[in-house]
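See structure below.
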Amino acid sequence: MPAFQTSPGMRDILAPESARWRAFTAVFADVVESAGYQLIIPPLMEDLGVFSRIGEATDVVTKEMYDFFDKGDRHVALRPEQTASVCRAFVQHRPVTPWKAWYSGPNFRYEKPQRGRYRQFDQVGIEVLGVNDAHLDVEVIALGSEFFRRLGLRQVELRINSLGEPADRARYVDALRTHFEAGGEDLSAASRDTLTKNPLRVLDSKRVSDAPYIATAPTIDQFWSDDAAAHFHTVQAGLSQLDISFVIDMKLVRGLDYYRHTTFEFVGGTLESAQNALGGGGRYDGLVEDLGGPTTPGIGFALGVDRTLLACDDEGVFAAPDPSVDVFVVDTAGGASALAITAELRAAGISADRSYDNRSMKAQMKGANRSGAAFAVIVGTDEIDAGTVTLKPLRSGGEQSIVPMAHLVSDLRSRLQEANS
RNA sequence: GUGGCCGUAGCUCAGCUGGUGGUAGCGCCAGGUUGUGAUCCUGGAGGUCGGGGGUUCAAGUCCCCUCGGUCACCCCA
């Protein structure tokens, strides 16, 4: 056992998984940039107050924050999510609206780790500030769906709900409180505790003793204002217009306190685990205001990279990209030729690797095979004297041939093109 | 934070009611082929059995603690 290993809930992402992560982000960027979203890179650390607006009653804020005092005695925290940072950035820089931002990067929550749940975990996401239009809700949800489609996922379920306007939500919360309080001691102790802080989240309880009360709880639709109902109706109509299937889940509450109106969640179809929520989001009209900015509507979503990749594993899609180089240079004459040839090939846009330490030809050929290269370029004293190299196909059949050093790049270019067609 | 299960080579694992760590598979290195990989054959390296303590003549095996993983609750991505 090594003296040091990663802290709990933290891990190294090594190849080939790391390449898959990079490809994952690239696909996401491609999808959202095609809709006018631009990258924002907020800091990993912010004033604690930025995050406490997420929800005074949430574990994310009350128990799981990595917070500390810096050397200037500022109370700061590693971000547990990025929506609050994006809103803080909006207030700080006041970009013109609609402001469409996307992000990708790690967040930190001090939780007990589990599959699909880490203390440092990556999310990708988008946020739009300054637009109330229900069509934007549709666009945001549609981009999430499109991303899953581009990854190859076919079994992701979209669940949507509306929490109504703040006043609707408040009246609903009162009704829920009354309903659950009637349950008295039959309700689990944990839920009774949750009830005092945020009755909405009792709906999320998985404790069996709570199930009967949750089943008979009033539903949010009875409390929607006309405007809220119309907004939600427009969202549903828009999704249908785009052929995006969804289910309405009146108990979909979402964890963070800032959500209003449309909320949604993407759930993996194959993940039989408690961590099957791949991501989610919603409207959060009010968050910018809480952070000291003007009244500004907002909407966005965040997707967990780990969980989405687990779903990809389950569906057998989005494999790690092939890390192979094009060419592997084998040099039995000391390595100086390999140095020159790899440099020349790389400069010409042909990826090339080699071995080191002047190993035996057999060992170098093994390295060539392992590298996945389509061709081995072999140089020894014979080739050096003749100004040639030996070119050996490794993956297709075919005989090796001797080519003049001067023709190597052009020769390889055409043969690689041939091999890829 | 609470509870269940698990921890043996780089990886995947065998190891019975305690009795000398496995010719195990994959991977790695070398040789067979002194200039040819992937296939085949042969050989080799690589372990404080997660860590600490205890019981015992004897502990990978039993007990306690601890660290880590995993699953469920919780929370959430």
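Chain naming here is simple, since letters A, B, ... match the order of the sequence lines and numbering starts at 1 in each.
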Given atom [atom1] of [X] and atom [atom2] of [N], what is their separation to the nearest angstrom?
| X | N | atom1 | atom2 | value |
| --- | --- | --- | --- | --- |
| A:Met365 | B:C29 | CE | P | 14 Å |
| A:Arg359 | B:G35 | CZ | C1' | 16 Å |
| A:Lys63 | B:C74 | NZ | P | 11 Å |

Base, sugar-phosphate, or nothing for [X], non-hydrogen atoms under 4.0 angstrom?
| X | value |
| --- | --- |
| A:Gln364 | nothing |
| A:Asp382 | base |
| A:Leu303 | nothing |
| A:Gln120 | nothing |
| A:Gly372 | nothing |
| A:Arg370 | sugar-phosphate |
| A:Lys392 | base |
| A:Ser205 | sugar-phosphate |

Next item on the list: For the side chain of A:Phe121, starting at C-beta, report the closest nucleotide among B:G35, B:U2, B:A77.
Entry: B:A77
Note to self: If you only use heavy atoms from C-beta on, which nucleotide in B:C71, B:C76, B:C29 is closest to the side chain of A:Arg115?
What the structure shows: B:C71
Taking [M] as the reference, what is the distance to [N] when you measure between their [atom1] atoms (whole Å, please)?
| N | M | atom1 | answer |
| --- | --- | --- | --- |
| B:C49 | B:C5 | P | 24 Å |
| B:C13 | B:U55 | P | 34 Å |
| B:C67 | B:G53 | C1' | 14 Å |

Check: Does the base of B:A77 carry an N or O that pairs as donor and acceptor with the side chain of A:Arg109 under 3.5 Å?
Finding: yes
Next item on the list: Output, in order, the C-alpha distance, side-chain angles, deciding distance and verdict of side-chain hydrogen bond (donor to acceptor under 3.5 Å, both in side chains) for A:Asn107 and A:Gln123.
Entry: CA-CA 7 Å; A:Asn107 305 302; A:Gln123 288 183 328; 3.0 Å; yes
Check: Using Watson-Crick and G-U wobble pairs whose two distances are both under 3.5 Å, how do you write the pairing of RNA chain B as dot-bracket, with | for links to another strand?
Finding: (((((((..((((.....[..).))).(((((.......))))).....(((((..]....))))))))))))....
Notebook entry, point to check: Want to settle it: does A:Gly279 or A:Asp210 sit nearer the 5' end of RNA chain B, counting the closest nucleotide to each?
Noted result: A:Asp210
Next item on the list: Between A:Ser360 and A:Tyr118, name the one whose nearest nucleotide on RNA chain B is closer to the 5' end.
Entry: A:Ser360
Margin query: Would you say the ring centers of A:Phe108 and A:Tyr118 fall short of 6.0 Å from each other?
Written below: no
Item checked: Ring centers of A:Phe28, A:Phe147 separated by less than 6.0 Å -> yes
Check: Under 4.0 Å between a side-chain N or O of A:Arg201 and OP1 or OP2 of B:C76?
Finding: yes
Notebook entry, point to check: Between the side chains of A:Ser351 and A:Asp326, does any donor sit under 3.5 Å from an acceptor?
Noted result: yes
Notebook entry, point to check: For residues A:Gln364 and A:Thr332, is any side-chain donor paired with an opposing acceptor at under 3.5 Å?
Noted result: no
